[in-house]
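Just below is one structure, and these are the notes that go with it.
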Amino acid sequence: MGSFTSPPDLHVFQARVWEVVRGIPPGRVASYGQVASLLPPPPGTDPKAYLAFGPRWVGGAMAACPEDVPWQRVINAKGQISPRAGAEDQRALLEEEGVLFDERLRVDLSQYRWKPDEEWCREHGLVWHPLEPREDPLF
DNA sequence: TCCTTGACTCAGA
DNA sequence: CTCTGAGCCAAGG
């Protein structure tokens with residue numbers, strides 16, 4: 001069976017992304033970059049490249065996610081829904097969960113950002129980030 | 001094979 | 001606050 005030359009590492013990565021997103025509870029949101037930062041760089045990936053493109057890979061995973069993934073809870077670092085076809089549905093779903101948008105269609109990340117606890121991260125083999133009390137956009 | 005595009009993010013202006 | 005460019009990966013045409 002030697003003809004399979006492309007082990008779907010990217011698919012493995014996407015599966016881990018979906019696993020993380022399933023952990024976001026209703027009424028909370030995470031950014032693409034936050035999800036990426038919870039996962040270690042895929043084996044063989046240049047950490048620097050992952051830093052730059054991880055968030056976009058997460059976006060790609062969300063575009064292909066299965067039914068049971070709460071994809072609506074992943075938004076961009078500005079606290080906005082990334083423009084594309086279907087963005088209106090995403091806002092409606094989040095509002096049903098109690099997430100409020102301001103007049104500029106922005107979510108207050110300091111209020112709604114999902115903050116996974118250390119144990120949950122350990123159980124899922126994720127990189128845990130200590131949370132800074134600052135006004136840092138991420139964490 | 002070349003070129004374009006992408007559910008991103010951050011620093012700098 | 002807004003706008004721009006860079007980062008330098010992959011899939012698809």
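Sequence lines set the chain letters: A, B, ... in the order given, protein chains first and strands last, and positions in each chain run from 1. The analysis underlying the following values was restricted to heavy atoms, covering all of them including side chains, and did not include hydrogens, waters or symmetry mates. Keep in mind the model is a prediction, meaning the values are calculated, not measured.
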Roughly how many Å is it from [atom1] in [X] to [atom2] in [N], rounded to a whole number?
| X | N | atom1 | atom2 | result |
| --- | --- | --- | --- | --- |
| Gln14(A) | dC9(C) | CD | C1' | 13 Å |
| Gln80(A) | dT9(B) | CD | P | 11 Å |
| Ile81(A) | dG6(B) | CD1 | P | 19 Å |
| Tyr32(A) | dC8(B) | OH | C1' | 9 Å |
| Lys48(A) | dC9(C) | NZ | P | 11 Å |
| Leu39(A) | dC8(B) | CG | C1' | 15 Å |
| Leu109(A) | dC10(B) | CG | C1' | 15 Å |

Task: Touch class at under 4.0 angstrom, heavy-atom based, for Lys78(A) against every strand present - done: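 Touches nothing.
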Open item on the list: Base, sugar-phosphate or nothing for Arg73(A)? Non-hydrogen atoms, less than 4.0 Å.
Closed with: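 Nothing, no heavy atom under 4.0 Å.
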Open item on the list: Check this one for me: any side-chain N or O of Arg91(A) less than 4.0 Å away from OP1 or OP2 of dA7(B)?
Closed with: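 For dA7(B), OP1/OP2 do not have a side-chain N/O of Arg91(A) under 4.0 Å.
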TODO: State plainly whether the residues Arg73(A) and Glu97(A) are in salt-bridge range, i.e. N to O under 4.0 Å.
DONE: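 A salt bridge links Arg73(A) with Glu97(A).
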Are any side-chain N or O atoms of [X] and backbone N or O atoms of [Y], one a donor and one an acceptor, separated by less than 3.5 Å?
| X | Y | value |
| --- | --- | --- |
| Arg106(A) | Ile81(A) | no |
| Tyr50(A) | Ala36(A) | yes |
| Arg28(A) | Arg113(A) | yes |
| Gln111(A) | Leu100(A) | no |

Tabulated below should be each protein N or O lying under 3.5 Å from an N or O of nucleotides 10-13 of chain C; please produce it.
none

TODO: Please list, by residue number, the residues of residues 49-56 of chain A whose heavy atoms come closer than 4.0 Å to an atom of DNA chain B; answer none if no residue qualifies.
DONE: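 Here the set is Pro55(A), Arg56(A).
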Which nucleotide in the list [options] gets nearest to the side chain of [X]?
| X | options | value |
| --- | --- | --- |
| Met62(A) | dT2(C), dA7(B), dC10(B) | dA7(B) |
| Arg104(A) | dT9(B), dT2(C), dA7(B) | dT2(C) |
| Ser31(A) | dT9(B), dC8(B), dT2(C) | dT9(B) |

